[in-house]
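Quick note: numbers below take in every heavy atom, side chains included, and nothing from hydrogens, waters or symmetry partners. Whatever order the structure lists ligands and atoms in, that order sets their numbers, starting from 1.
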Amino acid sequence: DAGALVLRAGNGSVTPRIVVLTGAGISAESGVATFRDAGGLWEGHSVEVVATPEGFARDPDTVLRFYDERRRAVASVSPNPAHHALARLESALGDDLLVVTQNVDDLHERAGTRNLVHMHGELARALCTACASRPEWSTDLLDRPACPRCGERTLRPDVVWFGEMPYDLDRIEEAVIACDVFASIGTSGEVYPAAGYVALAAAFGARTVELNLVPSDSAVPFDDVRAGPASALVPDWVDEVLCAP
Ligand code: APR
């Protein structure tokens with residue numbers, strides 16, 4: 001079974017607390033490129049050039065163009081059954097489910113997920129390097145639009161680059177420690193701190209499950225490893241969790 005319901009002392013609730021970590025693989029079948037698969041983003045682009053603060057300082061236009069293209073690409077695709085299944089799980093579990101995504105697309109939101117943390121930021125926001133505001137954003141940044149709050153033309157993508165601090169780490173670690181089930185979906189487990197959450201969850205007694213096209217070479221083995229496309233695996237897993245005896 002995917003996530004045995006646990007009788008929790010104290011509040012008497014019988015629903016499991018679940019943390020789901022997602023990576024680029026959950027959006028692959030929507031047509032959004034992953035990073036490390038064949039033909040992935042890091043095959044056609046240099047991480048140093050488009051995903052580091054140094055690269056942005058050296059050549060901002062190339063970086064702004066790269067994220068403008070990705071923002072437009074995401075706007076032209078739709079959530080797939082995996083995103084919808086997680087939204088269905090949230091409508092059943094409410095606050096007992098937290099989705100932590102490494103993805104910067106808004107496909108989880110567009111499928112209906114609300115309890116969501118974008119630990120690597122999001123294409124749907126800009127970050128003002130002058131006043132640090134994070135306005136919602138949907139148009140190109142290459143044109144150097146003015147920051148809605150301070151008026152400076154200093155907006156960059158609100159995406160966490162290599163060497164920068166991810167968002168909401170305390171909230172994520174608290175949820176991972178407290179969860180009964182930790183599911184990792186569509187991530188290669190190459191990038192920390194996300195790649196360390198399975199070990200943290202297991203250390204605090206959670207059942208861990210991986211739903212991935214090919215098993216990641218996780219340093220800490222998952223209790224349950226399922227290989228296949230997310231659009232098939234995730235709905236089935238959600239059915240199991242919701243129907244667990
Ligand atoms: N269904 C399920 N899993 C899939 C599918 C699919 N259809 N297609 C690919 N995958 C899996 C791949 O097997 C791989 O394990 O998704 C994973 C994608 O791995 P990466 O491309 O490394 O993406 P991710 O793990 O999200 O990268 C993490 O690295 O570059 C940084 O900040 C960037 O958030 C990103 C982080």
- Message: In this structure, does ligand 1 have an atom that sits under 4.0 Å from one of the heavy atoms of Glu29?
- Response: yes
- Item | Thr139 side, atom OG1; Arg71 side, atom CZ - distance, nearest 0.5 Å | 7.0 Å
- Considering only heavy atoms, which of Ala227, Ala195, Gly25, Ala24 lies nearest to atom 23 (O) of ligand 1? Ala24
- Item | Listed partners of Arg149 passing salt bridge (Lys or Arg N to Asp or Glu O under 4.0 Å), at least two apart | none
- The atoms of ligand 1 lying under 4.0 Å from a heavy atom of Thr34, numbered in the order shown, are 21 (O)
- Query: Do we see a donor-acceptor contact under 3.5 Å between the side chains of Glu210 and Ser216?
  - Reply: yes
- Message: Could you identify the single nearest non-hydrogen protein atom to atom 3 (N) of ligand 1 and state the distance to 0.1 Å?
- Response: Leu213 N, 3.1 Å
- Task: Report yes or no: do Gln102 and Thr22 form a side-chain donor-acceptor pair below 3.5 Å?
- Result: no
- Query: If hydrogens are left out, which of Gly186, Gly228, Gly23, Gly189 has an atom nearest to atom 18 (C) of ligand 1, that is, the closest non-hydrogen atom?
  - Reply: Gly186
- Task: Identify, for atom 9 (C) of ligand 1, the protein heavy atom at the shortest distance, and state residue, atom and that distance.
- Result: Asp37 OD2, 3.3 Å
- Item | Aromatic ring proximity, centroids under 6.0 angstrom, His118 and Tyr167 | no
- Query: Is there a donor in the side chain of Glu48 and an acceptor in the side chain of Ser46, or the other way round, less than 3.5 Å apart?
  - Reply: yes
- Tell me, which protein residue and heavy-atom name are nearest atom 30 (O) of ligand 1, and how many Å apart are they? Trp42 NE1, 2.8 Å
- Among all protein non-hydrogen atoms, which one is nearest to atom 28 (C) of ligand 1, and what is the separation to 0.1 Å? Gln102 OE1, 3.4 Å
- Query: Taking the side chain as C-beta and beyond, is there a heavy-atom pair between Leu242 and Arg88 under 4.5 Å?
  - Reply: yes
- Check Val20, Val209, Leu21 against Phe182 for a side-chain contact (heavy atoms from CB on, under 4.5 Å) and give me the one that passes. Leu21
- Message: When you compare the side chains of Ser30 and Asn80, does any donor N or O come within less than 3.5 Å of an acceptor on the partner?
- Response: yes
- For ligand 1, indicate whether the residue Ala28 contacts it via side chain, backbone, both or neither (heavy-atom separation under 4.0 Å). side chain
- Task: Give the contacting part of Phe162 toward ligand 1: side chain, backbone, both or neither, where contact means a heavy-atom distance below 4.0 Å.
- Result: side chain
- For atom 25 (O) of ligand 1, the option (of Asn212, Val191, Thr187) bearing the nearest heavy atom: Thr187
- Task: Compute the minimum heavy-atom distance from Pro229 to ligand 1 and say whether it is under 4.0 Å.
- Result: yes
- Note on the structure: re atom 1 (N) of ligand 1, the protein heavy-atom contact at minimum distance is Ala230 N, 2.9 Å
- Message: If the condition is side chain to side chain donor-acceptor pair (under 3.5 Å), which residues does Glu152 pass it with, not counting sequence neighbours?
- Response: none
- Note on the structure: Quick note on ligand 1: atoms under 4.0 Å from a heavy atom of Phe35 include exactly 21 (O), 23 (O), 27 (O), 30 (O), 33 (C), 35 (C)
- Task: From atom 27 (O) of ligand 1, work out which of Glu210, His120, Arg36 has a heavy atom at the shortest distance.
- Result: Arg36
- Query: Which of the numbered atoms in ligand 1 are below 4.0 angstrom from a heavy atom of Val214?
  - Reply: 13 (O)
